[in-house]
Amino acid sequence: MASTFPTDKTRAFGKLILFGEHFVVYKVPALVGAVSAYTDCQLEYLDEPGLEVVDNRPAVPLYKEQKYDEGMEAIRLTLNHLGVDTKQRGIKLTFGGDLCCSSGIGASAAQVVSLARAVNIAESRNLSDEEINAAGYEGEKGYHGTPSGIDNTAATFGGLLRFQRTDGAPVFEKKSLPSPIRIVYASTGITASTTKVVGDVRAKKEADEAWFSNLLEQYEVLVEEGQNAVEAGDLSTLGKLMDQNHSLLQELTVSCKELDDLVLAARSAGAIGAKMSGTGRGGLMIALTPTEEVQDAVANALEKLAPQVWKTTFA
């Protein structure tokens with residue numbers, strides 16, 4: 001029996017991190033912007049017990065193949081959190097939308113948040129956005145082990161967010177922008193395991209706490225200045241801070257040659273700031289482009305190096 005709800009009610013958004021990759025795990029603030037591209041989910045009940053998943057999301061090459069096991073675990077965790085037992089009543093899930101899955105865009109969070117929304121509608125749960133977000137966080141554990149919470153929060157609420165983990169529930173605050181911020185982002189074509197990269201950073205931290213604390217202190221100053229620049233609409237300062245954040249992430253060893261080459265190409269083409277965005281060691285980079293002309297020029301330059309390039313805005 002097919003559910004009849006429109007899938008636009010299940011939409012969950014991708015995201016790009018302006019500031020905070022990896023550092024956000026250690027309870028300091030991050031700034032993240034949701035992109036307009038989304039994942040949606042259709043839920044159908046089956047006559048027999050079991051779970052069937054159809055994944056029609058666009059994706060960079062090999063993303064869905066490499067993430068398959070993590071994705072199925074994420075779906076299982078989300079359904080368990082919501083009390084959906086497919087051994088009692090089978091369901092078919094069909095994922096779609098226009099968010100192209102790649103490391104760094106928050107595709108995994110968009111998937112599980114859209115799933116939570118689909119369950120909510122199909123079973124008339126009347127869940128709040130906060131409860132949807134909590135289900136998304138549980139699902140993210142399938143992909144990330146110990147998720148920061150930032151991706152599922154952006155996927156659920158959209159907009160530009162200041163996000164911070166605490167000992168309790170994460171704290172997030174929506175930010176308003178004086179005007180839209182034009183962005184270009186590009187994929188290296190490399191799919192990285194967030195669980196592995198986060199684990200590597202944790203191991204480096206534990207091996208040299210003083211080194212990590214120094215980087216963390218620099219980042220804490222940077223993110224506060226970044227928030228002030230965003231709120232003031234000071235794109236020049238924002239761009240410089242993005243460059244500095246990329247340097248910190250290089251020191252953290254989570255960038256890679258492919259990311260660094262794209263960052264340099266974007267700056268050379270006129271971007272006023274550029275950095276990796278997301279897990280790193282592959283995945284995405286992001287460039288700040290103050291005008292439509294600069295946005296086009298940067299996109300054209302990156303298309304010569306990157307397998308996928310997109311233009312969007314934070315608003």
Side-chain donor or acceptor of Asn56 paired with backbone N/O of Gly96 under 3.5 Å: no

Test item: Glu21 side-chain N/O and Gly278 main-chain N/O as donor-acceptor pair under 3.5 Å: yes

Nearest-0.5 Å distance that lies between atom NZ in Lys275 and atom CG in Leu18: 7.0 Å

Check: Leu222 main-chain N/O paired with Glu225 side-chain donor or acceptor under 3.5 Å: no

Evaluation steps, side chain to side chain contact (heavy atoms under 4.5 Å, CB included), between Phe314 and Leu16: CA-CA 9 Å; Phe314 294 145; Leu16 290 166; 3.8 Å; yes

Heavy-atom check, side chain of Ile105 versus side chain of Lys15, under 4.5 Å: no

Test item: Phe19 and Met242 side chains (from C-beta on) under 4.5 Å apart, heavy atoms: yes

Minimum side-chain heavy-atom gap Lys175-Leu177 below 4.5 Å: no

Pro170 and Tyr137, any side-chain heavy atoms less than 4.5 Å apart: no

Path from Val197 to Val263 over hydrophobic side-chain contacts below 4.5 Å: yes

Identified side chain to side chain contact (heavy atoms under 4.5 Å, CB included) partner of Thr191 from the options Gln66, Lys64, Arg281: Gln66

Within-4.5 Å side-chain heavy-atom neighbours: Cys256 and Met276: no

Distance-only donor-acceptor check, side chains Thr279 and Thr194, under 3.5 Å: yes

Under 3.5 Å donor-acceptor, Thr289 side chain and Thr291 backbone: no

Residue pair Ser255 / His246: nearest heavy atoms and the distance that separates them: OG-CE1, 3.4 Å

Val35-Tyr38 co-clustered via ILVMFWY side chain contacts under 4.5 Å: no

Residue pair Arg267 / Ala274: nearest heavy atoms and the distance that separates them: NH2-O, 3.0 Å

Val171 reachable from Ile150 in the ILVMFWY side-chain graph, under 4.5 Å edges: no

Nearest non-hydrogen partners of Val24 and Ala30, listed with the distance: CG2-CB, 3.6 Å

Interatomic spacing from CD1 in Ile183 to OG in Ser277 - rounded to 0.5 Å: 9.0 Å

Sidechain N-carboxylate O distance under 4.0 Å for Asp200, Lys196: yes

Pairwise side-chain contact, Asp261 with Glu258, heavy-atom cut-off 4.5 Å (strictly under): no

Donor-acceptor contact below 3.5 Å, side chain Thr188 vs main chain Gly283: yes

Point-to-point distance, once rounded to the nearest 0.5 Å, from OG1 of Thr94 to CZ of Arg57: 12.0 Å

Side-chain donor/acceptor of Glu138 to backbone N/O of His81, under 3.5 Å: no

Cation-pi geometry met for Arg162 and Phe172 (6.0 Å, 45°): no

Cluster check Val198, Val28: I/L/V/M/F/W/Y, side chain < 4.5 angstrom: no

Test item: Glu52 side-chain N/O and Leu46 main-chain N/O as donor-acceptor pair under 3.5 Å: no

From CG (Asp296) to NZ (Lys311), nearest 0.5 Å: 4.0 Å

More than 12 heavy atoms of other groups within 6.0 Å of Asp208 CG: yes

Non-hydrogen atoms of Ser102 and Val60 that approach each other most closely: CB-CG1, 3.6 Å

Residues Thr156 and Arg117: side-chain donor-acceptor under 3.5 angstrom: no

Glu65 atom CD: more than 12 heavy-atom contacts under 6.0 Å: yes

Lys27 and Thr166, any side-chain heavy atoms less than 4.5 Å apart: no

Distance-minimising heavy-atom pair for Leu43 and Ala122: CD2-CB, 4.0 Å

hydrophobic_cluster_shared for Leu77 and Leu79, side chain cutoff 4.5 Å: no

Nearest atoms (heavy-atom pairs only) where Val113 meets Ala12: CG1-CB, 3.6 Å

Reported CG-to-CD distance for the pair Asp260 and Gln250, which is rounded to 0.5 angstrom: 4.5 Å

Side chain proximity check, Ser108 to Lys67, heavy atoms < 4.5 angstrom: no

Whether Phe23 and Tyr219 hold their rings parallel, tilted or perpendicular, with breakpoints at 30° and 60°: parallel

Whether over 12 other heavy atoms sit under 6.0 Å from Lys205 NZ: yes

Euclidean distance, Asp40 CG relative to Gln111 CD, rounded to 0.5 Å: 11.5 Å

Sidechain-backbone polar pair: Asn152 side chain, Ala109 backbone, donor-acceptor under 3.5 Å: no

